[in-house]
Amino acid sequence: MLRRLHSIPGLLAALVVSFMATTGAVLSLQPLVERVFAPAGNEMSVATLVDRVLAHHPQTESVVRSASGAVTAYVANLGIGIDPVTGASMGPVEHSALFTFFTELHRSLFLGDGGRVVAGVAAVAMVILATSGIALLINRMGGWKQLFATARGTLSQRLHVELVRLTVICLLLSAMTGVYLTLVTFGIVSDGGQGFGFPPYGSGEMPAPIASLSALQAVPISDLRSIILPMADDTQDVFTVTTSAGTGYVDQASGALLDFTPNAPMQTLYEAIYTLHTGQGYWWLGVLLGLASLAVPVLMITGTLIWLRRRTSMPRMPGDAGWRKADTVILVGSESNTTWSFAATLRTALAKNGHAVHVAPMNGLRVSYPSASRVLVLAATYGNGTAPANASRFIERLASLQGTGIGYAVLGFGDRKFRHFCAYAETVEHAMAARGLKPLTGFEPIDRQSAQAFGQWSQTGRRHGGDAGVAASADPTENPVLQTDRTARLRH
């Protein structure tokens, strides 16, 4: 179920998720670019900043500071870049056409609300992929303690695992914050905005020099979001100051703070999540999120290759006798389907010796087998000692099996580096013995799909195949699939 939950969203949304991640990676460069070109001057007060700006631009109506530290003065709705150290002009503010384009592309694909819905669905898919992916990785590695152990498998499997380890936290962060921002966009969740309010009136006395206003002196420029200056010749108008903590009003004569409205909790949450999603104000966070986003297309490719390999690794078994006529039943439990290769070898050997053989997944255990005298179980152990997906209901079905005269043998597949080596296969062995079935051989564990160990097991006695026996007929070197798997393991 967990693997299906991971693969289905991945396959259905792979291209859209990769597209959103790629555009997000481009946007992640914006905080870094703004930080590189942002002037210094974060230690001064808002009073000093505004005083210097007015010295060069007396008609300034408002001053805005971005999260990166860039300061913009607005004069008659014209944005002018400001050097906060001197207050001098750095030229008209020109927004990057590149980042503007990718921002709209990332948010809505230039499709309006429909595109925003697509972006939100892609974020949800990424949450599912990230959470199910880390759960699958924990199972695959044998628990939390083995999470960073050496990964084995094909190149695509190992690359997929390593990228998940390196990026899953950042990807989950980007996805979850993206889902939240989508909900805010459609009004499902509030951003905590206070809405429009009328400012209080000032004292109406003669305005004092801005640099002397105590309330503005107490606000460092690093906390400033924006400040709206009083209208000229209106002594009752006030400064409207928005900081990271809230919005306040300052009397232009006395410099007193007349009123202050702190940010609502939802507004603080919104701003924090927006920062975590975009990296605005924290260029290093933007770089981390961007690098993680670049891994998504690679994860898509490696994940698809893993899925295709799993789909094609189950060998075809022509001439299956069917469960009603078979004298020998081979049941397979495998998470990655590699154990089926061993079942194919065993079936071929038994068929050559004149036996009618039926091969099925362990979950396909029938209530009865009219002609069968033996059941051979090839059970892999997945992750932290659990059953593979196609064997998860075997123990439950075993309780309904009719006929206790059937002989059985259990062959376990696992990796000795895991603490629960062949644990599930041992559970199956005990369950079949408790059910009253007759053991044909003792329990046999196979480490890392060893073709040699499998060959030795198949030659331990003729009881597996009756009078004809399996013996040398189950030679693993005769199976090209096993040979290929063995070569791949030696290479990796």
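- Remark: side-chain polar atoms of S66 are paired, donor with acceptor, to backbone N or O of A70 under 3.5 angstrom.
- No donor-acceptor distance shorter than 3.5 angstrom exists from the side chain of D223 to the backbone of A245, with no hydrogens or angles considered.
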Criterion side chain to side chain contact (heavy atoms under 4.5 Å, CB included) on Y180 and L269, from CA distance to verdict: CA-CA 10 Å; Y180 175 86; L269 176 64; 4.0 Å; yes
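- Annotation: side chain of H57 is in contact with side chain of I82 (closest heavy-atom distance under 4.5 Å).
- When only modelled atom types and interatomic distance are considered, S108 and E104 share a side-chain donor-acceptor pair under 3.5 Å.
- For the residue pair S203/D251, the side-chain donor-acceptor check at 3.5 Å is satisfied.
- Judged by distance alone, the side chain of D237 and the main-chain N or O of M231 form a donor-acceptor pair under 3.5 Å.
- Here E162 pairs with R165 in a salt bridge; the nearest charged N to carboxylate O distance falls below 4.0 Å.
- Between the S450 side chain and the I446 main chain, no donor and acceptor come within less than 3.5 Å of each other.
- Between the R397 side chain and the N363 main chain, a donor and an acceptor come within less than 3.5 Å of each other.
- When side chains are defined from C-beta on, V161 does not count as touching V164, because their heavy atoms never get closer than 4.5 Å.
- In this model, a donor atom of one side chain and an acceptor atom of the other lie less than 3.5 Å apart for T48 and S45.
- Using a distance-only test at 3.5 Å, with no hydrogens or angles considered, a donor-acceptor pair links the side chain of S392 to the main chain of A389.
- Using a 4.5 Å heavy-atom threshold, the side chains of T247 and V241 count as separate.
- For C170 against A292, the heavy-atom pair with the smallest separation is CB-CB, 3.5 Å.
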Given ring pair (Phe, Tyr, Trp, His ring centres under 6.0 Å), test F101 with F110 step by step and report yes or no. CA-CA 9 Å; F101 173 82; F110 294 105; 5.3 Å; yes
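- In this structure, OG1 in T278 is found 9.5 Å from CG in L27, a value given to the nearest 0.5 Å.
- Remark: side-chain polar atoms of S174 are not paired, donor with acceptor, to backbone N or O of L171 under 3.5 angstrom.
- No donor-acceptor pair closer than 3.5 Å links the side chain of S156 to the backbone N or O of T302.
- Although no hydrogens or angles enter the test, the distance criterion places no donor-acceptor pair under 3.5 Å between the side chain of T23 and the main chain of F102.
- Between S68 and Q280, the side chains place no donor N or O within less than 3.5 Å of an acceptor N or O (distance only, hydrogens not considered).
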Dump the intermediate steps for side chain to side chain contact (heavy atoms under 4.5 Å, CB included) on L155 and R158, then the final yes or no. CA-CA 5 Å; L155 177 60; R158 289 184 287 117; 4.0 Å; yes
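- Residues F394 and L331 form a side-chain contact, since some pair of their non-hydrogen atoms from C-beta on lies under 4.5 Å apart.
- Atom CE of residue M300 and atom CZ of residue F19 lie 13.0 Å apart, to the nearest 0.5 angstrom.
- For F413 and F342, the ring centers are positioned less than 6.0 Å apart.
- In this structure a side-chain-to-backbone donor-acceptor pair under 3.5 Å is missing from Q30 to S96.
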Which is it for L29 and F99 under the side chain to side chain contact (heavy atoms under 4.5 Å, CB included) test, yes or no, and what are the steps along the way? CA-CA 9 Å; L29 296 174; F99 289 130; 4.3 Å; yes
